> 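I'd like to ask some things about the structure below.
Remember, it's 1-based here, ligands and their atoms both numbered in the order they're listed. Nothing here was measured: the structure is a model prediction, and the numbers come from that model.
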Amino acid sequence: MSIVYGPVPSWRLDRSLGIDLLPGRGKTCCFDCIYCQLGITTRPEAERSEFVALSALTKELRAVKGVAADYVTFSGTGEPTLALNLGRAIDMARRELGLPVAVLTNSALMSREDVRQELSKADVVVAKLDAPDERLFRLINRPVVDLSLKDIVDGIRRFRSGWSGRLALQMMFVSGNRGAARDMARMARELAPDEVQVNTPRRRCPVAPLPKEELDAIREEFDGIETVVTAYDRVPPAIEPLDVAETRRRRPESSRR
Ligand code: SF4
């Protein structure tokens, strides 16, 4: 299989069966985040296109029918909203597997109407937001194309106001944006997500994670938001992926459990 991988243990989505709509070698993304577990962005991209045929996805989904999973999750080796067939793939995954669908997005293309419309087909959208201003956005997420944080935040706001599914904001904290937690909490309150995930890089990457005590302190800044979880709150379930090599390519093993 080259599109479907996992299931992987997720502290946010329990047993998560992954779908990678950008499954070539290397990483296809419009960011090059300093903490990315996938290495550098080898295929910088901001234009949407079809990277895999839906007929190939159908075949792989049928091969994993009945697998024990809690969610089918669009993620993988890059930014899933770059896939022009994301909306149709979401419909297909739900139809074939009967599981709730989650999409992990870096939020970069949420300023686009077509992307918001396709994301609205999911049950859960986890949207990345790591910075409260353009300077930190460039420092942490290192966009590889011309993108503005203001447009991204506006896209998330529009998505929230027109969609009643579960929206989680994922905020990755490292030493560079640790001091911006209060401003990020203010942004989060304005965007009214159902949940904020206070994260820190716990898989192998060039950036050190913040310790539990620091994430607990950051969480305190988010008062007024109903659900705030940190990366240290939940122990992901122990599960074995169907194809270890294909799964490790998307999810390198954690060196910091
Ligand atoms: S958005 Fe995700 S895939 Fe893209 S560089 Fe950042 S962490 Fe990596």
> Can you tell me how far CG of Leu136 sits from CG of Asn141, rounded to the nearest 0.5 angstrom?
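Asn141 CG to Leu136 CG: 9.5 Å, rounded to 0.5 Å.
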
> Everything protein-side that's N, O or S and under 2.8 Å from atom 8 (Fe) of ligand 1: list it, residue and atom.
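Listed by chain and number, the nearby protein N, O or S atoms are Cys36 SG.
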
> Got more than 12 heavy atoms from elsewhere within 6.0 Å of CZ, Arg178?
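Correct, the count exceeds 12.
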
> Step through it carefully: locate the ring centre of Phe173, locate the ring centre of Tyr35, and say whether they are under 6.0 Å apart.
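No, too far apart.
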
> Under 4.0 Å between a Lys/Arg side-chain N and an Asp/Glu carboxylate O for Arg158 and Asp154?
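Yes, Arg158 and Asp154 are salt-bridged.
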
> Measuring from the heavy atoms of Lys128, does anything fall under 4.0 Å of ligand 1?
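Under 4.0 Å: yes for Lys128.
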
> Taking the basic N atoms (NZ, or NE/NH1/NH2) and the acidic carboxylate oxygens, is any pair closer than 4.0 Å for Arg138 and Asp133?
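Salt bridge between Arg138 and Asp133, a charged N being under 4.0 Å from a carboxylate O: no.
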
> Does any donor atom in the side chain of Ser10 or Ser16 lie under 3.5 Å from an acceptor atom in the other side chain?
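Ser10 vs Ser16: no donor-acceptor pair found between side chains.
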
